[in-house]
Amino acid sequence: MKPNHVTLVSALDACKNKAALEKGRQIHAAIVSEGYGGQSVVGNALINMYAKCGSLDSARNVFMGMPRRDVISWNAVISACTLNGHREEALDFFDRMHGEGFKPDEVTFVCALDACASLAAIEKGIEVHAAIVESGYEDHMIVATSLVKMYGKCGKLDDARSVFNRMPKRNKISWSAMMSACNQNACPKEALNLFTEMQHNRIEQDQVAFVCALDACAILADLEQGHKIHAAIVREGYEDHVVVGNALVNMYGKCRSLEDARNVFQRMPYRDVISWNAIIAVCSQNVQSRLALDLYDQMRREGFKPGAVTFVCALEACASLVDLEKGQEIHGAIVHGGCDGEIIVGTALINMYGKCGILEDARNVFNRMVCRDVVSWSAMIAACVLNNDAKKALDLFNQMQCNGFMPDQFTFACALDACASLAALEKGQEIHAATIKAQCEGQVVVATALVNMYGKCGSLEDARNVFDHMPHRNLVCWNAIIAACARNGHGIEAIELFKHMQCCGFKPDGATFLSLLAACSHSGTVDEARHFFKSMTEHHGLTQNVEHYLCLIDILGRAGHLKDAEDFINDMPYEKETRVWLSLLWHCQIHGDMERGIRAARHALNSDPRNATAYVLLSNIYAEAGTREA
DNA sequence: AGAGCCCCAA
């Protein structure tokens with residue numbers, strides 16, 4: 001029996017749902033030989049089938065060859081493009097359709113808005129919005145929901161809000177879209193308010209609404225609220241939903257509760273690649289990078305195929321562990337898995353090689369990237385700064401702008417770091433001017449980098465001026481201004497800022513105390529230094545690292561408290577590094593304490609028998625002792 | 001035809 005066009009269309013539909021491209025092509029051949037190719041229903045079904053099977057070329061060819069097209073054909077080709085990542089082309093078809101006199105319907109508008117949203121193409125989005133108003137689709141619930149999403153993705157929260165508020169009818173999807181727009185635009189509190197409002201309005205809260213609420217808690221790092229929403233999820237029975245589980249893992253990680261995150265992950269009945277990515281990311285974000293890499297191995301053993309995001313998370317862990325070997329192994333897996341073309345993967349590789357000190361490999365990855373963005377340029381600039389090639393960093397900063405990329409806050413911060421390490425005040429001032437022009441100077445990362453740059457260039461007044469004008473401050477920028485004061489010999493000012501910072505509710509960390517100790521070292525108040533050192537463990541729940549010890553040893557040494565310094569070294573809870581003994585040796589030489597100096601030298605040479613500095617300092621001590629005796 | 005989870009540069 002000869003198949004009619006109805007059976008052919010439903011056969012194509014089946015292929016579409018199963019992504020069965022070969023079978024689809026056979027049916028296409030049958031359609032041509034039976035002479036059904038001219039019917040628009042058949043053509044539309046072919047376009048949809050090819051699109052879902054990932055063959056955009058065939059979908060486009062069918063569309064081009066159609067003798068008659070209807071609105072549905074245009075919708076099909078537009079969504080075929082979006083589905084296969086060709087969003088600009090989708091918008092081109094949208095324009096051509098209009099030019100050929102077809103009236104877009106609600107489906108067309110939704111597809112076009114989706115393309116605008118993923119491209120963050122706000123001008124085009126506004127144009128589509130105007131066309132929607134003109135065609136009277138503004139009150140259509142699905143179209144309006146798409147508008148909310150588009151404005152949210154384009155960073156226009158106000159517009160998303162006003163579309164949402166004017167909607168005559170909303171459902172749970174509209175509410176979730178609005179919550180998501182809030183999360184994407186730094187208004188997580190508003191998202192949580194919407195979540196409560198949904199309950200008051202008796203709108204059903206499904207897994208997506210819960211995921212949006214969890215996302216808001218993650219951004220706020222609000223563990224208490226997160227626990228409450230977790231409880232509600234259990235109550236409503238959404239606990240076993242994979243996406244909800246993934247969002248829970250992420251939320252607990254961002255709230256710094258690795259315990260909770262691991263518990264959720266362990267109990268998940270189903271896991272997908274994203275679940276693994278989430279737990280790997282959470283471990284490396286919570287200074288458990290080794291564990292992150294173990295999970296990466298475990299994931300592969302369990303048969304999951306790592307994707308671009310997996311590689312990015314694993315490379316981040318290698319970078320913070322400075323584990324070059326593992327990083328290279330993962331680089332191999334990336335090439336093998338065909339992910340080396342992805343921009344985020346390339347950027348993560350640059351970062352990893354940079355942190356591991358192999359600038360040349362970072363450069364190779366950068367040079368081979370087919371496609372670059374501001375982030376990859378910035379990563380390369382940062383890698384140069386880190387590896388003491390600040391000049392190259394500034395070259396790249398210029399080159400990137402010649403290539404048409406506008407620096408953002410992070411790029412500016414990297415370039416300013418380069419100036420700081422070169423103590424290049426003039427270049428720093430030039431970049432400062434550029435940040436003002438780009439309206440970036442108030443952003444925390446930029447202002448912090450400015451404070452740091454001026455501090456290192458010896459211009460404390462400018463550093464203070466930038467700091468005083470910052471609209472928002474975080475711990476890092478407080479540390480930067482305290483370090484700038486300490487570095488420039490303004491110890492008292494540093495300590496005053498430290499007190500002020502605590503009054504503003506900031507808890508000091510290890511870096512704060514390092515600067516404070518440096519400040520004491522300049523003003524020479526030994527007792528204050530001892531006090532700060534002790535208070536780290538006694539009042540602030542911190543542990544001292546070698547740098548803190550070195551700083552205090554230096555202060556004791558300068559003040560001539562050599563016995564204290566030596567006792568202090570002997571009491572150190574870790575293995576004594578050579579430089580600790582060298583510091584003592586140096587001060588012994590200055591103060592002419594021959595006996596202690598020889599002891600320090602013996603320790604230094606014990607841990608590093610070929611250390612030239614130790615020999616030089618020791619011979620200085622002998623020489624001075626000789627002079628004194630003579 | 002609409003909403004959601006993991007992700008690169010300080």
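Naming convention: chains lettered A, B, ... in sequence-line order (proteins, then strands); numbering from 1 in each chain.
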How many whole angstroms separate atom CZ of A/Phe405 from atom C1' of B/dA9? 14 Å

Measure from CG on A/Asn44 to P on B/dA1 and round the result to the nearest Å. 12 Å

Residues in side-chain contact (heavy atoms from CB on, under 4.5 Å) contact with A/Ser320, at least two apart in sequence or another chain: A/Ser289

Residues which pass side-chain hydrogen bond (donor to acceptor under 3.5 Å, both in side chains) with A/Glu190, listed by chain and number, not counting sequence neighbours: A/Arg161

Given atom CG of A/Leu416 and atom C1' of B/dA9, what is their separation to the nearest angstrom? 14 Å

So A/Trp175 and A/Phe164, would you call those rings parallel, tilted or perpendicular, with 30° and 60° as cut-offs? perpendicular

To the nearest angstrom, the CG-P distance between A/Leu396 and B/dA9 comes to 17 Å

Could you tell me the separation between the CZ atom of A/Phe94 and the C1' atom of B/dA1, rounded to a whole number of Å? 14 Å

List for me each residue that meets ring pair (Phe, Tyr, Trp, His ring centres under 6.0 Å) alongside A/Trp74, sequence neighbours excluded, and say none if there are none. A/Phe63, A/Phe102

Nucleotide B/dA10, atom P - distance to NZ of A/Lys456 in whole Å: 14 Å

Qualifying residues under salt bridge (charged side-chain N to carboxylate O under 4.0 Å, His left out), relative to A/Asp373, sequence neighbours excluded: none

Does the protein touch nucleotides 2-7 of chain B at the base, only the backbone, or not at all? Give it as B, S and - per nucleotide, heavy atoms under 4.0 Å. BBBBBB

With A/His241, which residues qualify under ring pair (Phe, Tyr, Trp, His ring centres under 6.0 Å), at least two apart? none

With heavy atoms under 4.0 Å as the rule, sort A/Ala379 into base, sugar-phosphate or nothing. sugar-phosphate

Tell me: CZ of A/Arg372 to C1' of B/dA9, nearest whole Å? 15 Å

To the nearest angstrom, how far is A/Ile334 atom CD1 from B/dC8 atom P? 14 Å

